[in-house]
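Here the structure is laid out as structure tokens; the discussion comes afterwards.
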Number of protein chains: 2
Amino acid sequence: MSERFEVWAPDGMPEVRPGDDLAALVGDVVSTGSTTGGSLPVVEPVETTGPGDGGLREGDVVVVTSKIVSKAEGRVVAAADREQAVTDETVRVVATRPRPDGPPLRIVENRLGLVMAAAGVDASNTPDGTVLLLPVDPDASAARLRAALRERFGVDRLGVVVTDTAGRAWRDGLVDIAIGAAGVAVVDDLRGGTDTHGRPLSVTVTAVVDEIAAASELVRGKAAGRPVAVVRGLGRYVPPGWQPGDGARRLVRGSADDLFREGTAEAYARGYDDGAAGREPRP
Amino acid sequence: MSERFEVWAPDGMPEVRPGDDLAALVGDVVSTGSTTGGSLPVVEPVETTGPGDGGLREGDVVVVTSKIVSKAEGRVVAAADREQAVTDETVRVVATRPRPDGPPLRIVENRLGLVMAAAGVDASNTPDGTVLLLPVDPDASAARLRAALRERFGVDRLGVVVTDTAGRAWRDGLVDIAIGAAGVAVVDDLRGGTDTHGRPLSVTVTAVVDEIAAASELVRGKAAGRPVAVVRGLGRYVPPGWQPGDGARRLVRGSADDLFREGTAEAYARGYDDGAAGREPRP
């Protein structure tokens, strides 16, 4: 026996505009992708209530970039440059770094509680003179998209993940993470389970939807214009009877619990000022 | 057209012991997994110089957990508990958090430059009274494993990734990351490329091997005893003529550049002490 899943990202998604019916566009592109077959036809004995070989199946997870959700939801604002929009979206500055060739890099907590460079405001893949803000509620966006796709394809167990690209502390390079999710287990909570030696697994909560987001980026890509992917074979994370509740917001670590809620230099400077002024410590 | 890849994790890997020929065990389990077919037989017109339907193919990436690399390499130490081993592996303490039911959680930089809880020392999936240390040089381990598998299966383009599980700043839950890599592009550097509106992509360096690691965890799992996975379809990241050079070490952000090299509370406290003592600032 083995475990196996596949990820594919069809071509053909048109440019999304404010007011577009995103679910219709996504549904179209996942249908077309399947029926042209791609390069790996899949033979798989799974329960389908959909249109046969095309479209979506029970246990599928549809992954979409937040960009197309934002565009459809009209989260496009005029901006001669990104900086004012970043300021507007910033709830709390976490850290900054001067840059030789532009304004300082700002890593901030945004309205979704996400800690990201530039508050997640995006100046790429959008017409000049505009920037894209993140969706207001990506979990709700995921739930709406899921409801429409379930109906169109006649599937009961369907996941939807909305992704964004983010940097990490301590590591170079960017990966995609989940900022919205519906119909799919956000974490795989193995606490209470045992390892291969029968000992309790006490720490292991796996951020399943972040791993799904990362996997999907490998076929979506930034420059290739494939904002939609389908992950097939992870049905064990797509339970029946899913109800709205914790979505990807579950993965946001509250700042009160976060050991890195403030950058090192910022925290040092604040401590230095408090110490020099003889104030009570305020860590 | 679409982009597609698949990830599968065969059953049947035995417990690995110090001195085992890891490449032989990995080679066996990826052969067996293929020939029993799993649930998704794949028809794919790719160049193969291997044994037909079984085994590895050009462009494959083999992903293994660092645990089995450590075990084969004898990185097992006796330890009544993990804490002394963590202390020994700690190069620099980054942050700590008291825990109600045990010793403080220590997030530290280890010998590999990785910032991780407990320095990456592992007390699970290993016999009682022992802990597992990370491999001494996971990039070298990946290169050795790659060389042996290339020879066995007669493939030229082959990637190997060694993974470990890690927490993240600002996000709950754990994901797998790449701590060793050979034969595969560690990053996808899109700087110099353009987005869909023709503008230069100036920031986007994608941590490809971390995304591959994350994807593979979805089928490997922690409790299921599948420490090996194969990713097929990402051949564009598996170039011909790969030479040892930057491996996954490339993704470790040097502490001098890291805005979060020290936890918030620790930096604040250090600043407070310096300020109160009237010392020169040392951010």
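So you know, we letter chains A, B, ... as the sequences are listed, proteins then strands, and number each from 1. Any value given below was found using the heavy atoms of this structure, including those in side chains, with hydrogens, waters and symmetry copies removed. Predicted model, so just to flag it, every value in this text is computed and none were measured.
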Partners passing side-chain contact (heavy atoms from CB on, under 4.5 Å) against A/A207 (at least two apart in sequence or in another chain):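 Result, side-chain contact (heavy atoms from CB on, under 4.5 Å) vs A/A207: A/D210, A/L251, B/R168, B/V175.
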Winner by heavy-atom pair count (cut-off under 4.5 Å) against chain A, out of B/L114, B/L234, B/T264, B/D273: B/T264
Spatial distance of atom CD (B/E280) from atom OH (A/Y272) [nearest 0.5 Å]: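 Atom-to-atom, B/E280:CD and A/Y272:OH are 6.0 Å apart.
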Reported CH2-to-CD distance for the pair B/W8 and A/E3, which is rounded to 0.5 angstrom: 12.5 Å
Worked check of side-chain contact (heavy atoms from CB on, under 4.5 Å) between B/L218 and A/I212: CA-CA 8 Å; B/L218 290 163; A/I212 289 173; 3.9 Å; yes
For A/D258, side-chain hydrogen bond (donor to acceptor under 3.5 Å, both in side chains) partners two or more places apart: none
Counting heavy-atom pairs under 4.5 Å with chain B, which one of [options] comes out on top?
{"options": "A/R236, A/E266, A/E109", "value": "A/R236"}
{"options": "A/P281, A/A269, A/A169, A/G113", "value": "A/P281"}
{"options": "A/A267, A/S216, A/G278, A/G173", "value": "A/A267"}
{"options": "A/D257, A/I177, A/V208, A/V94", "value": "A/I177"}

Chain A contact via B/T96 - which portion, at a heavy-atom distance below 4.5 Å: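 Just its backbone gets close to chain A.
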Heavy-atom proximity to chain A below 4.5 Å, by part of B/V187: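 Neither part; nothing is under 4.5 Å.
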Do you know the tightest heavy-atom contact between [X] and [Y]?
{"X": "B/V219", "Y": "A/R4", "value": "CG1-N, 4.0 Å"}
{"X": "B/Y268", "Y": "A/R270", "value": "CE1-NH1, 3.5 Å"}
{"X": "B/R171", "Y": "A/R253", "value": "O-NH2, 2.9 Å"}
{"X": "A/E211", "Y": "B/D176", "value": "OE2-N, 3.3 Å"}
{"X": "B/W170", "Y": "A/F260", "value": "NE1-O, 3.0 Å"}

Part of A/R282 within contact of chain B (heavy atom distance under 4.5 Å):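 Looking at A/R282, backbone and side chain both touch chain B.
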